[in-house]
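This report concerns only the one structure given below.
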Amino acid sequence: MDWDSLKQQWRHDAPAVPAASIAELQALDKAMRRRLRRRDLIETVGAVAVAVFFTLTALGMASRGEWAAFGFSVLLVAWAVVVPLRLRQARRQVPEDEPQLPLVENLGRQRDAALAQARMLEQVWLWYLGPPFIGIAGITLALRGLSMFALVYLAVVVVLYLGIGWYNQRTARTKFRAHAGKLQRQIDALNEEENA
């Protein structure tokens with residue numbers, strides 16, 4: 001966002017709203033954008049590594065005729081390709097500032113983007129954790145059967161995924177929904193000023 005223009009517009013549109021609020025929103029918005037870029041970069045690097053590893057694994061399993069494990073490896077490769085695309089799509093929902101729009105509308109767009117990120121994190125089981133768990137469980141059971149190793153390994157994966165799921169839910173609530181709430185309070189304050 002062009003925060004200098006927004007500050008000037010803010011002062012012009014609603015002088016009764018504290019100036020510190022826009023500085024706080026600016027800091028939160030910048031932090032959210034940095035967090036999204038950093039997260040997406042890390043996830044993309046990880047996805048490339050997973051795709052390469054499981055492509056090689058799938059080729060090895062196909063050469064040995066382990067077709068069930070091969071199929072689950074292909075699932076993991078497909079998942080590794082989809083994750084960065086999903087993250088990129090979500091990042092594109094974060095709009096750039098459009099100075100010709102009213103301040104309230106720009107703030108509303110930022111709020112909607114924060115809520116979209118929160119929803120994506122809250123649905124992490126559907127698109128991020130579920131598919132690889134199916135792939136990992138399938139490969140493990142196809143190669144090891146219902147052995148003690150397989151059961152212990154899958155239990156460790158479940159505990160790890162529960163931690164990842166909890167962390168994503170927490171981030172959605174404490175970062176993105178909290179940011180959306182602050183934006184909404186500013187929108188409400190501006191609307192009250194306009195109606196007064």
Side-chain angles (χ1 to χ4, degrees), residues 1-48 51 78-132 161-196:
M1 286 189 129
D2 180 5
W3 287 99
D4 291 330
S5 297
L6 273 180
K7 282 181 186 178
Q8 289 174 353
Q9 185 179 1
W10 183 280
R11 289 184 186 119
H12 178 267
D13 289 351
V17 178
S21 296
I22 192 70
E24 180 185 354
L25 289 174
Q26 176 185 13
L28 288 172
D29 188 65
K30 285 182 180 178
M32 181 178 78
R33 288 174 187 276
R34 277 193 312 272
R35 188 177 302 117
L36 292 177
R37 282 191 301 272
R38 185 174 46 244
R39 176 202 67 192
D40 291 358
L41 177 63
I42 291 168
E43 292 291 344
T44 300
V45 168
V48 168
W79 169 79
V81 169
V82 168
V83 165
L85 298 175
R86 172 96 157 109
L87 293 173
R88 182 174 182 242
Q89 176 190 19
R91 192 175 64 246
R92 284 184 161 189
Q93 291 178 347
V94 178
E96 293 299 321
D97 178 39
E98 294 189 32
Q100 74 276 11
L101 294 177
L103 178 60
V104 170
E105 192 169 334
N106 272 317
L107 293 175
R109 291 168 45 142
Q110 292 301 318
R111 178 207 54 217
D112 294 344
L115 290 173
Q117 289 290 324
R119 283 188 295 275
M120 184 183 73
L121 293 177
E122 291 163 350
Q123 296 171 353
V124 74
W125 287 101
L126 297 175
W127 66 274
Y128 188 77
L129 298 175
Y161 277 22
L162 287 173
I164 293 170
W166 172 83
Y167 179 75
N168 277 273
Q169 294 287 326
R170 182 177 171 271
T171 300
R173 185 181 70 253
T174 62
K175 304 292 186 209
F176 294 104
R177 288 206 180 270
H179 182 56
K182 288 179 182 182
L183 288 164
Q184 184 60 51
R185 285 190 291 281
Q186 292 302 320
I187 291 167
D188 293 343
L190 287 170
N191 285 335
E192 286 175 17
E193 284 289 316
E194 186 177 301
N195 294 333

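Just the heavy atoms: all of them, side chains too, but no hydrogens, waters or symmetry mates, feed the values below. Fair warning: this is a prediction, and the values are worked out from it, not measured in the lab.
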**Q.** Of all pairs that satisfy salt bridge (Lys or Arg N to Asp or Glu O under 4.0 Å), the ones with a partner from residues 115-131, not counting sequence neighbours
**A.** Glu122-Arg177

Q) Mind checking what makes side chain to side chain donor-acceptor pair (under 3.5 Å) contact with Asn168, not counting sequence neighbours? A) none

**Q.** Shortest non-hydrogen separation from Leu183 to Leu107 and the atoms involved
**A.** CD2-CD2, 3.8 Å

Q | Contacts of type side chain to side chain donor-acceptor pair (under 3.5 Å), residue Asp188, not counting sequence neighbours | A | Gln184

**Q.** Heavy-atom closest pair, residues Pro131 and Trp79
**A.** CB-CD1, 3.7 Å

Q: Using side chain to side chain donor-acceptor pair (under 3.5 Å) as the criterion, list what pairs up with Tyr128, not counting sequence neighbours.
A: Glu43

**Q.** Which atom of Gly165 lies closest to which atom of Val124, heavy atoms considered
**A.** CA-CG1, 4.1 Å

Q | For Ala47 against Ala80, the heavy-atom pair lying closest together | A | CB-O, 3.2 Å

Q | Residues which pass side-chain contact (heavy atoms from CB on, under 4.5 Å) with Trp125, listed by chain and number, not counting sequence neighbours | A | Leu129, Tyr161, Leu162

Q.
Less than 4.5 Å apart, side chain to side chain, heavy atoms only: is that true for Met120 and Arg86?
A. yes

Q: Would you indicate whether the side-chain heavy atoms of Trp127 and Leu87 approach each other to under 4.5 Å?
A: yes

**Q.** Minimum heavy-atom distance Ala172-Ala118, with the two atoms named
**A.** CB-O, 3.6 Å

Q | Nearest-0.5 Å distance, NE2 of residue His179 to CG of residue Leu115 | A | 10.0 Å

Q.
Using the side chain to side chain donor-acceptor pair (under 3.5 Å) criterion, which residues pair with Lys175? Sequence neighbours excluded.
A. none

Quick one: side chains of residues 35-42, donor-acceptor pairs under 3.5 Å with protein atoms, not counting sequence neighbours, listed by atom name and distance.
| unit_1 | atom_1 | unit_2 | atom_2 | d |
| --- | --- | --- | --- | --- |
| Arg39 | NH1 | Gln117 | OE1 | 3.1 |
| Arg39 | NH2 | Gln117 | OE1 | 3.3 |
| Asp40 | OD2 | Arg91 | NH1 | 2.4 |

